[in-house]
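Heads up: numbering here begins at 1 and tracks the sequence. These numbers come from a predicted model, not from an experiment.
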Amino acid sequence: MSFVIGVVIGIVFGLAIIVAFVKSENARSKQRTNLASGIAAFARMTVDDSRKIFTPEHYPSWVVFSNQQKAASELVKANVEPILEQYRPVILASLKFSKFTLGTVAPQFTGISIIEDGSEGITMELEMQWDGNPSIILDIKTYLGVALPVQVKNIGFTGIFRLIFRPLVNEFPCFGAKKLDFTLKVIGGDMTAIPGLSDAIEGTIRDAIEDSITWPVRKVIPILPGDYSDLELKPTGVLEVKLVQAKELTNKDIIGKSDPFAKLYVRPIRDRMKKSKIINNDLNPIWNEHFEFVVEDPLTQHLVVKIYDDEGLQSAELIGCAHIRLSELEPGKVKDIWLKLVKDLEIQRDQKNRGQVHLELLYCPNGMSNGLSNPFAKNESMTSLERVLKNGAEGKEASSNGSENRKRREVIVRGVLSVTVISADDLPPADITGKADPYVVLIMKKAQIRNKTRVVNESLNPVWNQTFDFVVEDGLHDMLMLEVWDHDTFGKDFMGKCILTLTRVLMEGEYKDTFELAEAKSGKLNLHLKWNPQPIYRDHQ
């Protein structure tokens, strides 16, 4: 009997626990639903709604309500329209806003971080997302007489808002933009009726936005009266870039090979982007071109290189891109680097081989201290590449009346290059016997001066110890090419090559190093290079 009573009591107690748990979960679910509804209601709440709920005495003194949305829209419109006109495509006669409002959706800040850069002040970075509902209509007119009202829709922005607090001062807007998305729609028409118009307008909008708000652009807002000109955006140095070559590029052409060229930039602004010459039908192009970029913030800025295949009248097709942080460069020292090309700089899981690009980089801060001097300064002695890599220098010439006439002076790096081919190691076999009869051909690419070593029979580790002198008329733009060949009685077999710019030897004067052979399974060349400078100048009226 007691057993039965115990079972009944246990069942009743268990049922009571279950009922209590269900009621508790239902109550919690109702609370969560009410909370979610309340949050949603607050999210939809406007300024007018808050005025109805709270009376003025409930707000602190620093909260002030004003109808500034229209004023903000007019301010943005007034600042952006001149930039749009600056980047207006040549096929358009005019490009203006016929309507511009920012909408009612506020940006969302999803994260915050504090950066310690050693300077006086505080730097805050706020991750920001904005899927706005602005009303933006562009009034576009072409030289063909076609007028198109174009609506900018589905604007989405993801980026980092940088806020810098310095003594009594903050700076904004400072965006490190990650992604900007939008679509274009012609009101009452089809944008594809004019070929290339959509891409031209989209590129114009992106350029205008990046030029006006992307870091390191900043606005200085003084809190107290004073001179804050030192906080304005100013160049901090110069980045010298030599685009040497690329190798193993992906072929984008069905017939023949790609016609590659490169675009380089530190800030993605049209008038500050550099473009190389086009190398036709070559997947291993050699450019050896020099470019100069102004740097405003070496801690956050990058050098971006994009390699394209030229398609003639059609839009160029991207082969691959790469970038390097300027913070990785040691001021005053040349960095020789090969960068792997990827499809998209934002996607890090790209495993496809798209080729590599070879760069030589030199960052020179303004007014370098700690014993360093700017190697590109115009008043330095022109005895090495460190002092002559600058494309031009300003010269002065006295006229008959005693005044000074300023003339353009181009630096020509002239001298004698001595190359000692010491030896080679681990060359690939080229004969049936597993050996080779190697020799080296030396070529100055621009001057087309050639020399070659003697043949070393039946050796994969030959020793030459031969020195060759080349009179170089323009060391800034010349290159040394070394090709290793296998000598045969009835011909010759290519074994590999290496391509050297004269940058290092011009700066160091003399060095010895080992270089791996390209287009070969194995092999290295041991070289000794020496430079005897004889700089000359050529004046331009």
Side-chain angles (χ1 to χ4, degrees), residues 239-266 273-293 303-324 334-345 350 352-362 385 389 391 441-450 472 474-485 494-504 515-520 523 525:
L239 176 66
E240 303 284 343
V241 179
K242 178 172 280 191
L243 174 66
V244 182
Q245 60 179 319
K247 66 179 181 180
E248 302 174 0
L249 297 180
T250 301
N251 191 8
K252 294 293 185 178
D253 291 347
I254 299 176
I255 300 175
K257 299 178 181 179
S258 297
D259 307 314
F261 68 92
K263 287 185 178 180
L264 305 91
Y265 61 85
V266 173
M273 299 177 71
K274 309 295 184 181
K275 179 181 177 181
S276 73
K277 61 179 179 285
I278 299 171
I279 308 295
N280 293 320
N281 198 38
D282 196 343
L283 300 181
N284 298 281
I286 299 174
W287 290 286
N288 198 35
E289 293 187 59
H290 170 251
F291 304 99
E292 180 182 291
F293 299 92
L303 172 70
V304 178
V305 183
K306 295 186 177 181
I307 309 297
Y308 292 88
D309 175 28
D310 180 64
E311 298 291 349
L313 298 178
Q314 300 180 359
S315 299
E317 186 174 1
L318 179 67
I319 296 176
C321 53
H323 69 169
I324 181 173
V334 173
K335 185 178 184 69
D336 188 302
I337 189 171
W338 283 89
L339 298 177
K340 180 182 177 182
L341 298 177
V342 296
K343 182 179 180 180
D344 191 328
L345 296 176
D350 185 8
K352 183 177 179 180
N353 182 23
R354 303 177 186 276
Q356 300 181 65
V357 61
H358 183 196
L359 303 173
E360 289 179 348
L361 309 172
L362 175 59
L385 182 65
L389 197 54
N391 279 340
V441 177
L442 300 89
I443 307 169
M444 296 305 302
K445 186 175 185 298
K446 186 175 181 180
Q448 285 300 306
I449 303 174
R450 303 170 69 95
V472 180
D474 187 3
L476 180 59
H477 301 102
D478 216 337
M479 304 178 77
L480 174 64
M481 304 177 65
L482 300 102
E483 300 176 348
V484 182
W485 295 85
F494 179 74
M495 301 180 67
K497 68 177 182 180
C498 63
I499 301 174
L500 306 178
T501 68
L502 305 188
T503 304
R504 182 176 174 186
F515 302 91
E516 293 188 3
L517 294 178
E519 301 180 26
L525 272 180

Response to the item:
Contacts of Lys446 meeting salt bridge (Lys or Arg N to Asp or Glu O under 4.0 Å) (sequence neighbours excluded), chain-then-number -> Asp474
Discussion item. Please determine whether side chain to side chain contact (heavy atoms under 4.5 Å, CB included) holds for the pair Lys242 and Asn288, giving the CA-CA distance in whole Å, both sets of side-chain angles, and the decisive distance to 0.1 Å.
Written reply: CA-CA 6 Å; Lys242 178 172 280 191; Asn288 198 35; 3.4 Å; yes
Worksheet item: What are the two closest heavy atoms between Cys321 and Lys343, and how far apart are they?
Response: SG-O, 3.8 Å
Response to the item:
Smallest heavy-atom separation, Gly256 atom then Asn251 atom, equals O-ND2, 3.0 Å
Worksheet item: When rounded to the nearest 0.5 angstrom, what distance separates CD in Glu248 from NZ in Lys340?
Response: 11.0 Å
Practice prompt. Identify the heavy atoms of Arg354 and Leu341 that sit nearest to each other, and give their distance.
Written response: O-CD1, 3.6 Å
Fill in: Which atom of Gln448 lies closest to which atom of Lys445, heavy atoms considered
NE2-O, 2.7 Å
Worksheet item: Do Asn280 side-chain atoms and Asp259 backbone N/O form a donor-acceptor pair below 3.5 Å?
Response: no
Worksheet item: Are Leu517 and Met495 close enough that some pair of their side-chain heavy atoms sits under 4.5 Å apart?
Response: no
Worksheet item: Hey, does Val441 have a side-chain heavy atom less than 4.5 Å from the side chain of Arg450?
Response: yes
Response to the item:
Residues at least two apart in sequence or cross-chain that pass side chain to side chain contact (heavy atoms under 4.5 Å, CB included) with Glu289, listed by chain then number, are Ser276, Lys277, Trp287, Phe291
Worksheet, complete the sentence: Applying side chain to side chain contact (heavy atoms under 4.5 Å, CB included) to Lys497 and not counting sequence neighbours gives Glu483, Phe494, Ile499, Glu519
Fill in: Set of residues satisfying ring pair (Phe, Tyr, Trp, His ring centres under 6.0 Å) with respect to Tyr308, sequence neighbours excluded
Phe261
Item to complete: Please identify each residue that fulfils side chain to side chain contact (heavy atoms under 4.5 Å, CB included) with Gln356, with sequence neighbours left out.
Response: Lys247, Trp338
Fill in: Neighbour count above 12 (heavy atom, 6.0 Å) for Glu317 CD
yes
Worksheet item: What pairs with Ala518 under side chain to side chain contact (heavy atoms under 4.5 Å, CB included), at least two apart in sequence or on another chain?
Response: none
Worksheet entry | Distance in Å, Lys257 NZ paired with Leu249 CG, rounded so as to fall on 0.5 Å steps | 11.0 Å
Worksheet entry | Single hit among Ile337, Thr501, Val241 for side chain to side chain contact (heavy atoms under 4.5 Å, CB included) with Glu360 | Thr501
Practice prompt. Take Leu359 and Leu303 through the side chain to side chain contact (heavy atoms under 4.5 Å, CB included) test and state the conclusion after the steps.
Written response: CA-CA 11 Å; Leu359 303 173; Leu303 172 70; 4.1 Å; yes
Worksheet item: Step by step, would you call Lys335 with Ile324 a side chain to side chain contact (heavy atoms under 4.5 Å, CB included)?
Response: CA-CA 11 Å; Lys335 185 178 184 69; Ile324 181 173; 4.0 Å; yes
Item to complete: Kindly compute the distance separating CG (Leu339) from CG (Leu361), expressed to the nearest 0.5 Å.
Response: 7.5 Å
Discussion item. Please report the interatomic distance NZ(Lys274) to CG(Leu264), rounded to the nearest 0.5 Å.
Written reply: 10.0 Å
Worksheet item: How many angstroms lie between CD1 in Ile319 and NZ in Lys306, if you round to the nearest 0.5 Å?
Response: 13.5 Å
Practice prompt. Check the pair Ile279 / Ile286 against side chain to side chain contact (heavy atoms under 4.5 Å, CB included), numbers first and verdict last.
Written response: CA-CA 8 Å; Ile279 308 295; Ile286 299 174; over 6 Å; no
Worksheet entry | Gap separating the CG atom of Leu442 from the CD1 atom of Ile449, nearest 0.5 angstrom | 11.5 Å
Item to complete: Indicate whether the side chain of Asp253 and that of Ser258 have a donor and an acceptor atom separated by less than 3.5 Å.
Response: no
